[in-house]
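Throughout, protein chains are lettered first and strands after them, A, B, ... in sequence-line order, and every chain is numbered starting at 1. Excluded from the calculations below are hydrogen atoms, water molecules and symmetry mates; all remaining heavy atoms, backbone and side chain alike, are included.
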2 protein chains.
Amino acid sequence: MPTERQKGSSRPRELVWARAERATKGPAPSTSRRQIAAAGVALADAEGLEAVSMRKMATALEVGTASLYGYVGSKDEIYDLMVDWVEGEDGPPPPPGGDWRSDLTALAHRIRGSILRHPWMAGVAAGRPNFGPNSLAWVEYGLTALDDLELTIDEMLVASEILHAFVRGFAIRELAEQQALQRAGLDDQEWGRVLGPYMDSIEKSGRYPRFIRVVREAHVPHAADRQEVIFTTGLDYILDSLSPRASR
Amino acid sequence: MPTERQKGSSRPRELVWARAERATKGPAPSTSRRQIAAAGVALADAEGLEAVSMRKMATALEVGTASLYGYVGSKDEIYDLMVDWVEGEDGPPPPPGGDWRSDLTALAHRIRGSILRHPWMAGVAAGRPNFGPNSLAWVEYGLTALDDLELTIDEMLVASEILHAFVRGFAIRELAEQQALQRAGLDDQEWGRVLGPYMDSIEKSGRYPRFIRVVREAHVPHAADRQEVIFTTGLDYILDSLSPRASR
DNA sequence: CACGTACTCCGAACGGTGTTCGGAGAAGAG
DNA sequence: CTCTTCTCCGAACACCGTTCGGAGTACGTG
């Protein structure tokens with residue numbers, strides 16, 4: 001999660017994206033924002049977001065700790081760079097394929113994939129909007145796909161927001177479950193040992209009968225695939241609700 | 001954001017919710033998990049999540065810092081307690097009103113309200129699932145409302161997941177926008193000064209025409225109300241897509 | 001070519017952080 | 001009354017984000 005600004009903080013500089021990467025005068029910088037982003041992503045992927053500290057970043061980049069503040073105004077800006085790096089890791093958006101439905105489906109799976117591949121994304125993106133060039137390119141891609149539906153500009157905005165909200169919200173929930181598993185020591189059985197007794201007591205309390213029914217019934221062996229099915233089904237529900245609005 | 005566990009950490013104890021609050025033998029504890037949760041929420045609401053430190057919590061509760069570890073296994077567990085405290089702050093769920101659609105609408109608005117009222121919720125809930133009693137009660141409420149639709153158990157699960165995913169995802173996005181505004185110094189004009197030049201350069205690049213169109217057109221005076229409208233519209237889309245599945 | 005300026009680099013320090021350790025003291029069990 | 005078991009917590013450890021101010025470098029200009 002992005003560190004929160006304290007109340008009396010000095011006025012923010014310009015956005016990272018708006019500041020020039022390199023000055024014209026002094027010595028050449030020995031690294032770049034792009035390298036900083038890549039190093040941050042590598043660190044966070046390997047050891048978790050907590051491992052992204054200014055000192056470790058500096059060590060990874062073979063640079064003094066304080067030097068990073070020449071590239072970045074604060075640690076939060078490193079998060080911004082990391083998010084946009086991930087948005088760009090698969091290359092730029094392809095040209096739309098002409099079928100809005102499959103374009104949007106692909107977009108949704110891509111967003112979900114990014115979050116699952118980089119679990120720290122959920123927490124980082126929660127507190128700050130991201131206006132990086134790669135993020136914008138993918139938003140533009142989604143809006144372009146929606147063009148085929150001949151919606152008003154307001155309907156397009158709503159449609160885009162709904163899609164992104166669902167995908168992001170779903171991936172976050174999926175991730176929380178997945179990480180809880182991982183936290184119990186990378187061991188499925190261990191998790192059962194910890195959660196099991198509590199679930200039993202919940203069941204015995206009798207206050208959550210439908211929840212218990214869902215949990216017991218959904219506790220099938222192929223949990224990973226189950227999430228896949230729920231996601232795809234939910235996505236279809238949402239795309240279904242978009243199409244009738246095209247033929248007004 | 002929840003602190004991530006490091007790899008070699010010792011095995012986790014039981015869940016907070018499963019551990020006994022009070023032992024039978026020694027002296028009586030001088031505070032309670034409930035008070036810890038309330039103090040944490042108050043601190044986070046007033047000064048941001050970053051202000052929730054073990055030392056400040058201990059000071060607020062008039063207790064030594066190390067004493068907190070008798071109530072809680074780690075700082076993350078304090079986050080768990082805080083989330084469930086918020087889930088319970090409006091009292092227990094009412095009995096379902098008989099109309100599934102209005103029940104679910106009310107539920108959605110309640111979740112969104114909680115996140116907007118306690119902005120730190122988004123980041124905290126991103127990394128950990130919450131199985132606290134109050135959270136479960138509201139999940140149960142949603143499932144109960146869905147009972148009227150005569151869905152299969154799997155359809156109920158999907159429907160519940162979709163609703164929660166959309167609401168959570170939307171609130172997070174809304175919050176990010178709102179906090180970016182706040183970060184610029186509680187000043188709308190300041191934000192324009194920071195963002196404006198960047199948006200102009202984006203526009204001049206010509207690479208994001210649809211995005212620019214949406215931004216310019218959505219930049220109306222009544223921004224707060226705009227979010228309300230988008231949320232309500234999106235929610236209706238989703239509920240619309242649920243109802244046809246009732247009459248299979 | 002040389003000067004001045006504008007920049008990059010970064011060691012050291014400041015005030016915080018989460019968590020552990022181990023002793024002191026309180027209260028129910030026998 | 002003793003013993004056991006719990007609560008409490010000061011002190012310490014390793015680390016954190018950020019700031020300061022000096023040293024060094026390369027370009028624009030005279």
Side-chain angles (χ1 to χ4, degrees), chain A residues 1-13 19-33 35-36 40 43-44 47-81 124 127, chain B residues 1-6 8-13 19-33 35-36 40 43-44 47-82 124 127:
Chain A
M1 156 206 40
T3 310
E4 276 151 61
R5 220 24 109 243
Q6 32 210 17
K7 278 187 194 163
S9 85
S10 62
R11 68 164 40 162
R13 296 199 263 162
R19 288 201 306 272
E21 168 102 24
R22 191 197 191 310
T24 54
K25 287 295 288 287
S30 65
T31 183
S32 68
R33 291 207 192 117
Q35 284 177 8
I36 290 175
L43 255 171
E47 306 177 46
L49 190 61
E50 71 185 356
V52 179
S53 73
M54 296 310 256
R55 278 168 249 261
K56 283 182 190 159
M57 289 286 295
T59 302
L61 293 161
E62 294 179 302
V63 146
T65 306
S67 306
L68 292 174
Y69 287 89
Y71 299 85
V72 135
S74 71
K75 192 187 165 179
D76 282 356
E77 284 188 0
I78 291 186
Y79 292 152
D80 289 340
L81 294 176
V124 165
Chain B
M1 147 209 50
T3 310
E4 277 153 58
R5 227 8 118 249
Q6 33 209 18
S9 85
S10 61
R11 67 166 37 162
R13 297 198 262 162
R19 287 201 306 272
E21 170 100 24
R22 192 196 190 309
T24 53
K25 287 292 289 286
S30 67
T31 182
S32 68
R33 292 209 191 114
Q35 284 178 10
I36 290 175
L43 255 171
E47 306 175 46
L49 190 62
E50 71 186 356
V52 180
S53 74
M54 296 310 258
R55 278 169 249 263
K56 284 182 189 157
M57 289 287 295
T59 303
L61 292 162
E62 295 181 302
V63 146
T65 306
S67 307
L68 292 175
Y69 287 89
Y71 299 85
V72 137
S74 71
K75 191 186 166 180
D76 283 355
E77 284 188 359
I78 291 186
Y79 292 152
D80 290 340
L81 294 176
M82 288 166 62
V124 165

Next on the checklist: For a stem of at least 3 consecutive Watson-Crick or G-U pairs with distances under 3.5 Å, i pairing with j, i+1 with j-1 and so on, which stems involve DNA chain C?
Outcome noted: C:1-30 with D:1-30
If you round to the nearest 0.5 Å, how far is [atom2] of [Y] from [atom1] of [X]?
X       : Y       : atom1 : atom2 : value
A/Leu61 : A/Thr31 : CG    : OG1   : 5.0 Å
A/Met54 : A/Lys75 : CE    : NZ    : 8.0 Å
A/Ser74 : A/Asp80 : OG    : CG    : 8.0 Å
A/Met57 : A/Leu68 : CE    : CG    : 6.5 Å
A/Arg19 : A/Arg33 : CZ    : CZ    : 5.5 Å

Between the main-chain N or O of [Y] and the side-chain N or O of [X], is there a donor-acceptor pair closer than 3.5 Å?
X       : Y       : answer
B/Tyr71 : B/Pro29 : no
B/Arg55 : B/Thr65 : no
A/Glu77 : A/Gly73 : yes

Checklist entry - If you check every side-chain atom of A/Ser67, which of C/dC10, C/dT20, D/dT18 has the closest atom? => result C/dC10
Checklist entry - Any idea which of D/dG24, C/dC21, C/dC9 is nearest the A/Pro27 side chain? => result D/dG24
Atom pair distance, as rounded to whole Å: [atom1] in [X] and [atom2] in [N]:
X       : N      : atom1 : atom2 : value
B/Glu77 : C/dG18 : CD    : P     : 15 Å
A/Leu61 : C/dC10 : CG    : P     : 11 Å
B/Met57 : D/dC9  : CE    : C1'   : 17 Å
A/Arg19 : C/dC7  : CZ    : P     : 14 Å
A/Leu68 : C/dC9  : CG    : P     : 10 Å
B/Ile36 : C/dG18 : CD1   : P     : 14 Å
B/Arg33 : D/dT7  : CZ    : P     : 10 Å
A/Leu49 : D/dG17 : CG    : P     : 10 Å

Checklist entry - Below 4.0 angstrom from OP1 or OP2 of D/dT7, is there any side-chain N or O of B/Ser30? => result no
Next on the checklist: For D/dC8 and B/Tyr71 - does any side-chain N or O of the residue sit under 4.0 Å from the phosphate oxygens OP1/OP2?
Outcome noted: yes
Item to check | Side-chain heavy-atom pair B/Val124, B/Met82 within 4.5 angstrom cut-off | outcome: no
Checklist entry - Nearest nucleotide by nearest heavy atom, which residue falls closer to the 5' end of DNA chain C, A/Gly64 or B/Ala66? => result A/Gly64
Any N/O pairs under 3.5 Å between the protein and nucleotides 12-16 of chain D? List them or say none.
| unit_1 | atom_1 | unit_2 | atom_2 | d |
| --- | --- | --- | --- | --- |
| D/dC16 | OP1 | A/Ser53 | OG | 2.9 |

